[in-house]
Each structure stands twice: as structure tokens, then as C-alpha cells.
Amino acid sequence: MEYNYREIEKKWQKSWKDSQIYKVSNHSSKPKCYVLDMFPYPSGAGLHVGHPLGYIASDIYARYKRLNGYNVLHPMGYDSFGLPAEQYALETGQHPAETTQKNITTFRQQLDNIGFSYDWSREVRTSDPQYYKWTQWIFLQIFNSWYDHSNNKARPVADLIEIFEQTGNTAENGQRKTERKFSADEWNLFSHKEKQDILMEYRLAYAAYGEVNWCEALGTVLANDEVINGISERGGHLVVKKKMRQWYMRITDYAERLLEGLEKVAFSDAMKDMQRNWIGRSEGAEIEFKIEEPAEHTALQKDGLKIQVYTTRPDTIFGVDFMVLAPEHSLVTNIVTSGQQSAIVEYISYVKSRSDRERLAEVKQITGCFTGAYALNPFNNKKIPIWISEYVLAGYGTGAIMAVPCGDQRDFLFAKHFNIPITNIIGHYYNGEEANPTKEAALTNSDFLNGVPMKDAIGIVLKQIEEMGIGCRKVNYKMRDAGFSRQRYWGEPFPIVYQDGIAHPVNESDLPVELPHVEHYRPGPDGQGPLANIDEWVKAQSGWQRETNTMPGYAGSSWYFLRYMDPDNDTEFSDRKATNYWNQVDVYVGGTEHAVGHLLYSRMWTKVLFDLGYIGFDEPFKRLVNQGMITAKSYFFALESDYTEQIISHNKIENLNTAFRRFKNGHSYVDSNGKLTKNSFIKYLGDMGLDENDFNIKWIKEGEEDFIFLKEESEKMSKSKFNVESPDDVITKYGADTFRMYEMFLGPVEQSKPWDTKGIEGVHRFLKKLWRLFFDDTKGELWNDEKATPAELKILHNAIKKIGEDT
RNA sequence: GCCCGGAUGGCGGAAUUGGUAGACGCAGCAGACUCAAAAUCUGCCGUUCGCAAGGAUGUGCAGGUUCGAUUCCUGUUCCGGGCACCA
């Protein structure tokens, strides 16, 4: 009798299914344990060996907890809205719902093969109307809320209206600061439209104008991913920044609590670091600089123009040698002198083609343009030239900085490049070669601050500017509000209709707002999504218009862990008793790539739902485990002699590199020494549908030593790299248990590691050995019902103790 | 460019708190069993000098702290992930 994994696994998987052994109840006297995997996007490429790594780890943990007497919630589902399905639809005309269903079937079959202990009766799909009904419902709760900074929580907009009616927004009642101030009387006299516009500035889900990557030729908005150096990936057309009306999540209102919450959860320090850096809290000041108006402008502006800058270093105010505005800054057109007009216009059009990342990344190439205007230092009235440059972003701080070249390296390089004189305010700490951001220096060239240590000067300057009424302390966050609308088809429609330009929530009883059928998936007019093409849907009622944007991928994934608790509820997103019982996710397993996306958004949504009293906890995940990525190794081989000259014509080298990439570890074309012979190489090219003659190959010598190993790379598995490894083959050949054990044996779960099938035989042999402990070819069953000896029990209990300590 | 990780034999990795580097497995080599092969079992297995005993050297690279560093510090190179509309 030998280890027949096929039969064993088939038998037990059937038994689990028939007896629904992993179905879990919301009612149990046992303690609960919630073990969750990040649900997958069901891509057309199917499951690759990287997906199950985390699933296997969490499955082992879930089984362990079950055996330890816990009532374990261990569900699985699909993040099934997304761009790839829509792209595919655009190319083939197949409905995303169909391809998604097909992909899910494949995924499910692959998952079943591995033998997980999921409770499939709780499966969720974000693209299912019964699911996104509640995504829309939660969106409306967020839309109907504002953030009360006095009580540090979200509250219904109705409360805010009451406050406005009684005190206006001049009294500090915890509202965020806005430019517009009004009294109760003024509020009451505002038109309905004015009131709604004002409320939009407070809502936690709000519409505003923001910049997007606009491609005129394709008539659509593009993801950063789809733009390469200002050119669209598809078609190679020009892409520019364009302002469009967008929906946003006001996640910045939660910045402080998202930071504080990190203290309460067991995430890795690296993960916490990433989130902290992303939120990017900085303490500083906003300072107002007057602008010395050019003679040509004085007739137009009586009151004088001012620039608000944000700085973390008010102590360096006497070292300000120039100002830099973001090119998009609204003041630019007001202050530019006629002499600089054309240069500024030209520069702005250049910046429009640049992404934020490009703008910040290329420090070697310094660009900018003088506006011709000057600001005045509030302390000594020194004239400070005002420039614009791409390294200042409109979205951060006030979109304007005071540049201190002796203390900031980017400012320094800018000053050097444009020959702006540099004031040294840090004495010998500045060497003229590079900036020094020290806080240790005693100030020089700083008027009344001369000799004062910089650390003390910060407080002194802050006090001064507050007394002079030209500035105040300000905490800033690098994080921006999260864009929440997409000009796409395959996402949740917004439950919003417009009447006379005012956004209204759809009645709860009319949810879900279902995705209508479309004839094609091409963009609508003026860069709107495909939904804008369906007039009868947009204007379902006279005088009303539907929102034609859809929600982004992270909408559905921001709350799915709550739906698993009560997946079939059609009167609530999840029953309060169920969320109270299951509470936080005890262990959440997934990749680090979600650090600043999904993991922040879902934390925010949880906090909103908590604030509004719908759930009883405000952090979704108690403990997070980040599994490492399984990369695929690619090997590059070449002839021992000079490969670029001898075997490959230069125009084919790219193509051949792609071919070489597919020589992976354990590949039968490569012998055990990693050597590749002429014959095996030709056979390989043949199998690839390529011909030797395509590559202008000259064989230098024949035999075993023809090729040498050139280089090796590990990269993310992806269809386009020819390096996706499917678990199916492994399971067919060795069985699910070998596969599961092998993935665990590759190395620590948290670590990234290359996929490599060399070791799999060893693991399989181990399982066979284990089998033989119980069955023997000749003797049959080796086990019996005799009591274990004390020595045997000791070994058993040591093992149990060790496992208990390691989890 | 910025933020976060990582680098240890032919390969994946271990070394839990600064204390014998290389556990365990894979691959390889040798042997046992067999007519033979597979399977299984046993032994060897970082590099280098040496018949051996034994010595030297060795955790990406360059320094430093320490009686002692894979581990701590400084610098540096390379690789992976993220950088806001991929999910």
C-alpha cells in the first residue's frame, strides 16, 4: 500500500463538502477567532503559486485554532470589480460580468484543489448587486457625515445644519476651517444651492475639482500605470493634466486617528512606518508674505496680494532668498509681469505633461521660471523674487514655499542653477558646497535672532507672526484626500442624482443602483465614463441626472470583512449582533503592497462606521501578517564569447532576452550545471515558435560548453513576463498536501522568495515517509489502539508545547 | 528621487537576547540492497592548503564599537515592494 494522495485528498475534500464541516455559526459558546485572507482579484491568468502562500498560512492557523476549541470564521471571496476586466471588454466586447464569472469559476476550482477550510457559504463578491447595494449604502452614510474636530468623530450632516442655523460657522464647533465665514443669519438667507455647496465642503465623501491624467486622443482618463513619460501606454498619445469634477474621501480628517490607531494594532514596524510616512504629519507654520506689486498692477488690486506659505522651519525666515509657487497656484496669473508672461505660459504647459513623481524625482534637471514679482519679508521688508517650479506641488501645504537655500538642498540647487544669491544664516555650518538642514546652529544674518539657537528661534518666530497676525501654527499632512471616482464602467455606480447641479443621495429603498447594460465600453463625451453614453439611464427621471462615474476598486474592499460576518442580510450591511460577536479580524494575512491603499481606506471606513454607531470597534484588523511575494526566477544565458557581437543582431536582443527569461530553474532545457547546449537551445527556440535564423546566431564552438550563464533576475509573476507558475501542475503531480507543505517550506511566510521546484521532491518524500509510519507494504497497518507509552506521550506533548509557543 | 524591506554554501534557508556560522531540506558525490533500475537506507558535502592530523579563510562591499559581530553603529553597492486611477 503506498501513499495515494489523489485518493486520500479526493475522499476528504468530498467528505468536508458533503458534511459542510467548515460551515461556521454566529452562535456558539466557544470563543471566536476571525482569520482572514485578503481576497483576490480574479484575473484572467488564474491563480499563481504566489496567491496561496498566505492562504495556506492562514488556513493552517485557522485549523489550529479550530482544534484548540475556537469558533473560527475563515471566509473567502472575490474583489471582482476592476480595470482589467473592463480593458478586456473594450478589446473583445465580452461583458465584464461574464469574464469575471468565468475567472471566478477557475479560481474556485484552483482553490478547491488546494483543500482549504473556507466556509464557502459566506462567499462575497464585490460586483454582486446584493453586495454593492451596501457599498452604496455605506457611501451614503459617509456622504451624509462631517467630521467634528472638537469631539473627534464623524457626525450626521443634519447636526451640522443645525449648528449653522444657530451659530453659523464662525463659532468653533469642531468644523474644519474653510475660507468662507458666515453667521447664522447669513446661513439662513443662503439659497438652497449655496447651502448645498457649503455643505459639500464638509462632507466626508464630497465632490470637488481635481487633476487627472487626460488623454485627448483616447478621450479618457488614465491611471498613472497607463502613462509612461507623459505618453499613453496604449497608442502612445500625449497625456496632460486636466481638472475634472471628482468624488473624494476626506481621509485627511482622519489623519490623526489613523496615526493613533497604529498604537493599538499588531502590524509590523515596517508597515506602521509606511503608513506614518504616507500620512506624513509635520508641525510647522503658515506664514503670509505681502507681494510688492508691480506698477502695472496697482490699478487693478487695491488691497494688495499675499502669499501663504507653509514651512516646518519658521526659524529660517531671514534665510529666505526666493519664493517658489506651484505652477498651478492660483496667484501665478495675478502676479506675473508682462515681461515674464510668455515664459511663464510656456513653462506651465511643460509642467502639465509631467506626473507628480517625475516632478519630484528628477533632481538633476532643475527647471523653473521667474514671475517678475517680488514678495516682502515681513520682518525686514527685503525683496524676495517669486519663482514657479515643478518641485513644488499644488496639493501639499499651501502650494507655495519660502526657499532657504543654505538649509534645504533642493532650494540650494535651484538657487545655484538660477544664480540667486544665497544668504548664510547658519555660520560655519554652511560650507557653500551644499545645504545643511541642521537645527543645531546659532543663527547669523538674522536681525533680532542673531545668536539664537535655531531650536529656540522656532518658538520665537511663531509667537511673533501670531502677534503680527500674519501666520499661525499648523499641522500638515502629506496625505491627500483619496480620489473616489473613476470614469469607468466596471465599478459600483454612485447612488447620487443631480437636480439643478445639486447632488442628492438616492433613496435607500432604491438601492442598489444597478449597473445598466451598455452597448460598448468606450468613454462617454468629455471624458465621462461609458455610463454617460446611456441617455435613458442617466435621465431616468425628468429633471434628474445620474452620476456617471463609478467607484474605484478599493470601495468594495474597504468593508468586505464586515459582510462575511452576515453575508445574506438584505436589510442591513451586517447585523449588529454579528459584528459584535465576530468583532475585529484577529489575524489578517496579505501582501505589503496594500500598505497605503486598501489598509488605510478600510481603516478609515471602519472608523466612520464606528463613529456613526453602526459597529462597536474602530480598527478592523487586530493583527496583520504580511506574506512575502513569491517571485519567479528568470535566467539569462549567452554564448561564452561576446554575445552581443557574435550571436545576436542588435535589433533582436530585446526579443531574445524575452526568450531567455523563460529558462527557469528546473527547466528541462538546462542541464544540472546550468549549462545550455546548442541542441537544447535550438529545441527551445523551436518550442517557442522562434527560429535560430531569426537571431543571426554564429556558433563559436560545439559541445557541452556552448553557453554560459549570463545573469539571473527575480521578478513579480505576471502574464506579460512569461513567468507565471500555476499550482495546478504541482498538485496533479504531487498532491495538495505536498504543495501546501512545500510553500510553507520555501522560507518564512513574511519573506519574499523565488519560486523554485527543485525542493519539492524532498517534501514529497517526507510525506511518503510519514505515510509509512502508519502503513507498510508488507505488514499493512502499523498503528493500533494500544495506549501510548509515557516516553511517546512526552514526545507528543513536547511537540504540542513547541507548536503552541511558536504561534 | 523619496519611503519600506532584503543580501549567509551549488540552491531554499537556520542560528529566538552580541557567544561553536551553515540546523533542516534540495542538488551533488560515494556506498548498501538489487540480475538491473526505481524506491529505500547509510556516509560525505562552504572555500582553500594538507596523505592525514590540522591550519587559514568565510555571512554583499568598506570601515567602526566589542574579549567576541550574520547580529549593534557609519558609509556604500546591488536586488525587491510602494509612491496616490493596477489590484
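Lettering follows sequence order; numbering is per chain, from 1.
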key: Touch class at under 4.0 angstrom, heavy-atom based, for V221(A) against every strand present   = base
query = Do Y477(A) and Y396(A) have their ring centres less than 6.0 Å from each other?
reply = no
S282(A) and N476(A): side chain donor to acceptor below 3.5 Å = no
Donor on one side chain, acceptor on other, H237(A) and S232(A), under 3.5 Å = no
Strand partner of U57(B), provided both Watson-Crick or wobble distances fall under 3.5 Å = G46(B)
request  = Quick one: label A595(A) by what it contacts on the DNA or RNA (base, sugar-phosphate, nothing), any heavy atom closer than 4.0 Å.
outcome  = nothing
ask   = Separation of L746(A) atom CG from C11(B) atom P, in whole Å?
value = 16 Å
Under 3.5 Å side-chain donor-acceptor pair for S485(A) and Q246(A) = yes
message = My understanding is that a pair needs two contacts under 3.5 Å, Watson-Crick or G-U wobble. By that rule, which nucleotide pairs with G1(B)?
response = C83(B)
request  = Have a look at Q246(A) and say if it touches a base, only the backbone sugar-phosphate, or nothing, with a 4.0 Å heavy-atom cut-off.
outcome  = base
remark   = Residue pair T592(A)/E211(A) against RNA chain B: nearer the 5' end by closest nucleotide is T592(A)
request  = State whether R480(A) places a side-chain N or O below 4.0 Å from either non-bridging phosphate oxygen (OP1 or OP2) of A84(B).
outcome  = no
remark   = Under a 3.5 Å limit on both distances, the Watson-Crick or wobble mate of A36(B) is none
inquiry  = Side chain of E593(A) only, heavy atoms from C-beta on: which candidate in C86(B), C4(B), G81(B) is closest?
reply    = G81(B)
query = M551(A) has an atom CE; how far is it from atom C1' of A87(B), in whole Å?
reply = 18 Å
request  = Could you check if the base of G12(B) is syn or anti? Syn means the glycosidic torsion is within 90 degrees of 0.
outcome  = anti
Integer angstrom distance from the P of G10(B) to that of U47(B) = 7 Å
request  = Could you tell me whether M479(A) contacts a base, only the sugar-phosphate backbone, or nothing, with contacts defined as non-hydrogen atoms closer than 4.0 Å?
outcome  = base
Whole-Å gap separating C1' (A87(B)) and CG (N626(A)) = 16 Å
request  = Would you classify V212(A) as touching base, sugar-phosphate or nothing, given that sugar-phosphate means primed atoms plus P, OP1 and OP2, and contacts are heavy atoms under 4.0 Å?
outcome  = base
ask   = Using the P atom in both, what is the distance from C61(B) to C24(B), to the nearest Å?
value = 26 Å
Integer-rounded Å distance: C83(B) P and Q275(A) CD = 14 Å
query = Below 4.0 angstrom from OP1 or OP2 of A27(B), is there any side-chain N or O of R765(A)?
reply = yes
request  = Please check the phosphate of A84(B) (OP1 and OP2 only) for any side-chain N or O of N224(A) closer than 4.0 Å.
outcome  = yes
message = Taking the ring centre of each residue, are W247(A) and F139(A) less than 6.0 Å apart?
response = yes
request  = Under a 3.5 Å limit for both distances, which nucleotide forms a Watson-Crick or G-U wobble pair with U65(B), could you say?
outcome  = none
Value in whole Å for how far the P atom of A27(B) lies from OH of Y742(A) = 10 Å
request  = Pick the P atom in G54(B) and in C45(B), then give their distance to the nearest Å.
outcome  = 13 Å
ask   = Around R522(A), counting heavy atoms of other residues, nucleotides and ligands shown, do more than 12 lie under 6.0 Å from its CZ?
value = no
Distance between C1' atoms of C49(B) and A14(B) (Å, rounded) = 29 Å
ask   = What does Q487(A) touch in the nucleic acid at a heavy-atom separation under 4.0 angstrom: a base, only the sugar-phosphate, or nothing?
value = base
request  = Searching all strands shown, indicate the nucleotide that pairs with C26(B) (Watson-Crick or G-U wobble; both distances under 3.5 Å).
outcome  = G10(B)
request  = Assign S485(A) to base, sugar-phosphate, or nothing according to its heavy-atom contacts below 4.0 angstrom with the strands shown.
outcome  = base
query = When you compare U20(B) with G68(B), how far apart are their P atoms, in angstrom units rounded to a whole number?
reply = 15 Å
key: Criterion side chain to side chain contact (heavy atoms under 4.5 Å, CB included) against M274(A), the qualifying member of L600(A), D269(A), T592(A), L599(A)   = T592(A)
task = Could you tell me the separation between the CE atom of M744(A) and the C1' atom of G12(B), rounded to a whole number of Å?
result = 14 Å
inquiry  = Using the side-chain heavy atoms of A270(A), tell me which of these nucleotides is nearest: G5(B), C85(B), A84(B).
reply    = G5(B)
request  = With heavy atoms under 4.0 Å as the rule, sort Y554(A) into base, sugar-phosphate or nothing.
outcome  = nothing
query = How far, in whole Å, is G43(B) from U16(B) if one measures between their P atoms?
reply = 27 Å
inquiry  = Suppose you measure atom P in U70(B) against the same atom in A7(B); what distance do you get, rounded to whole Å?
reply    = 14 Å
task = Could you tell me the separation between the NE2 atom of H594(A) and the P atom of A87(B), rounded to a whole number of Å?
result = 11 Å
message = Under 4.0 Å between a side-chain nitrogen and a carboxylate oxygen: does that hold for R276(A) and E263(A)?
response = yes
message = Measure CZ/F745(A) against C1'/A27(B) and give the value in whole Å, please.
response = 14 Å
message = For the P atoms, the ones on G28(B) and on A38(B), what distance do you get once it is rounded to whole angstrom?
response = 12 Å
message = Heavy atoms only, 4.0 Å cut-off, all strands: where does K478(A) land among base, sugar-phosphate and nothing?
response = base
